[in-house]
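Position 1 is the first residue of the sequence, and the numbers go up from there.
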Amino acid sequence: MGEQPIFTTRAHVFQIDPTTKKNWVPASKQAVTVSYFYDSTRNSYRIISVDGSKVGVIINSTITPNMTFTKTSQKFGQWADSRANTVFGLGFASEQQLAKFAEKFQEVKEAAKLARDKSQEKMETSSNHSQESGRETPSSTQASSINGTDDEKISHGGPETAALITENDRLKTAVEQSNANAKKWETELQTLRESNARLVDALTESSANVESWKKQLNSCKEESETLREKISELEAQCAEASAEKERNAQLSARVQELETELQDKEQELENLRKQAEIIPQLMAECESITEKLQAADVKNKDLEERIGGLQADIEDSQSKQGNMKGELKKFMDILDGKIDELHEFRQGLSRLGVDN
């Protein structure tokens with residue numbers, strides 16, 4: 001049946017930098033197919049990945065029981081291949097894909113370990129059978145030589161001839177066992193040759209694609225520089241956008257303040273309108289007060305005339321003069337206060353009329 005895929009996924013492939021042994025070098029420009037293959041002939045497992053755009057082998061790693069797959073992040077894992085003298089890394093699109101790949105790696109690793117143990121048991125069993133057949137051959141030869149023609153040879157040739165015949169039979173059995181083992185080893189050798197031929201082809205193919213990979217690497221570096229420049233531009237634009245956002249926030253706050261002030265002004269204007277509605281009433285009251293003031297002036301003149309008469313009376317009556325002066329003074333003070341109040345009120349009404 002040959003090799004058959006038993007699990008397939010997609011991931012970005014990386015290899016450790018052979019110089020620094022620290023940095024990762026991308027082996028594929030984009031996500032590629034990564035598969036587990038089982039070789040029923042050799043009873044072995046391999047991880048193989050081929051770049052479809054360049055038709056080149058990216059990963060050709062035979063899994064051994066000593067290998068370990070390590071998750072270094074949520075979506076990245078790696079394993080070391082001592083035969084290829086490198087470390088492979090895979091970047092997956094999701095944590096679930098990484099978990100499935102790691103589980104499959106563990107299963108394949110256990111299967112490889114079980115296959116190795118079975119192979120060792122077969123080799124030990126074959127070796128034991130060889131040794132047992134080698135030990136049993138002399139006794140069987142001796143048993144067969146007791147009867148038949150060998151008995152005659154022993155009787156004619158003596159003990160040395162019997163020993164030679166026994167040794168010859170043992171050597172024949174060993175040669176037959178060696179021939180059987182040689183056929184088995186020849187089959188395994190042929191399988192190894194075919195595998196080596198495939199590996200050589202893959203290596204040749206990989207070597208032929210080194211230049212293209214270098215070009216791809218340079219292209220990736222140029223794209224990386226371009227992306228870095230774009231990122232710098234975007235960061236500058238983001239900074240400008242943040243400043244603009246802050247200015248907009250300040251302007252919004254200023255607009256709210258102006259709206260509040262406008263509402264206050266509108267309230268004041270509404271109050272002024274209400275006050276303007278009562279201006280005619282105030283004007284009428286002002287005219288009434290003016291008339292009263294004029295009447296008060298007339299009364300004041302009458303009072304002055306009366307005061308003149310009273311002064312004549314005061315001259316006639318000194319006893320009443322002191323009392324009358326005191327009362328007149330009080331009355332004059334009150335009258336002056338009233339006049340001043342009326343005068344100030346009149347001035348206030350005049351100013352209010354001018355403002356309106």
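- Applying the side-chain contact (heavy atoms from CB on, under 4.5 Å) rule to T86 yields the partners Q15, I16, A84, F88; only residues at least two apart in sequence or on another chain are considered.
- The closest side-chain heavy-atom distance from N43 to Y38 is below 4.5 Å.
- Residues L90 and I63 share a hydrophobic cluster, clusters being chains of Ile/Leu/Val/Met/Phe/Trp/Tyr side chains in contact below 4.5 Å.
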Show me the donor-acceptor pairs within less than 3.5 Å that the side chains of residues 291-307 make with the rest of the protein, sequence neighbours left out.
none

Please table the atom pairs, donor to acceptor, closer than 3.5 Å between any side-chain atom in residues 68-80 and protein atoms at least two apart or in another chain.
residue, atom, partner, partner atom, Å
T72, OG1, F76, O, 3.4
S73, OG, F76, N, 3.2
W79, NE1, S61, OG, 3.2

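- Separation of atoms CG (L269) and CD (Q267) is listed at 9.5 Å; rounding is to 0.5 Å.
- Residues passing the side-chain contact (heavy atoms from CB on, under 4.5 Å) test with S94 are Q96, Q97, sequence neighbours excluded.
- Residues that satisfy the side-chain contact (heavy atoms from CB on, under 4.5 Å) test with E270, not counting sequence neighbours, are R273, K274.
- In this structure, the salt bridge (charged side-chain N to carboxylate O under 4.0 Å, His left out) partners of E225, at least two apart in sequence or on a different chain, are R228.
- A distance of 10.5 Å separates CG of D355 from CD of Q275, quoted to the nearest 0.5 Å.
- Interatomic distance, R83 CZ to T62 OG1, rounded to the nearest 0.5 Å: 5.5 Å.
- Residues meeting the side-chain contact (heavy atoms from CB on, under 4.5 Å) test with S49, sequence neighbours left out: V13, V32, V34, I58, I59.
- Between E3 and R46, the closest heavy-atom pair is OE1-NH2, 2.6 Å.
- With a 4.5 Å cut-off between side-chain heavy atoms of Ile, Leu, Val, Met, Phe, Trp and Tyr, the cluster of L227 takes in none.
- Within the structure, the salt bridge (Lys or Arg N to Asp or Glu O under 4.0 Å) test picks out no pair touching residues 10-25 (sequence neighbours left out).
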Using atom types as modelled, flag every donor-acceptor pair under 3.5 Å from a side chain in residues 103-114 to any protein atom, sequence neighbours excluded.
residue, atom, partner, partner atom, Å
Q106, NE2, E110, OE2, 3.2
K109, NZ, M67, O, 2.9

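- No continuous path of ILVMFWY side-chain contacts below 4.5 Å connects F101 to F14, so the two sit in separate hydrophobic clusters.
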Identify every side-chain donor-acceptor pair in residues 328-350 under 3.5 Å, counting partners at least two apart or on other chains, and give the distances.
residue, atom, partner, partner atom, Å
H343, NE2, Q347, NE2, 2.8
S350, OG, R346, O, 2.9

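- With hydrophobic clusters built from ILVMFWY side chains whose heavy atoms lie under 4.5 angstrom apart, F37 shares a cluster with V50.
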Distance-only donor-acceptor pairs under 3.5 Å for side chains of residues 235-259, two or more places apart:
residue, atom, partner, partner atom, Å
S242, OG, C238, O, 2.9
E244, OE1, R247, NE, 3.4
E244, OE1, R247, NH2, 2.3
N248, ND2, E244, O, 3.2
S252, OG, N248, O, 2.8
R254, NH1, E257, OE1, 3.2

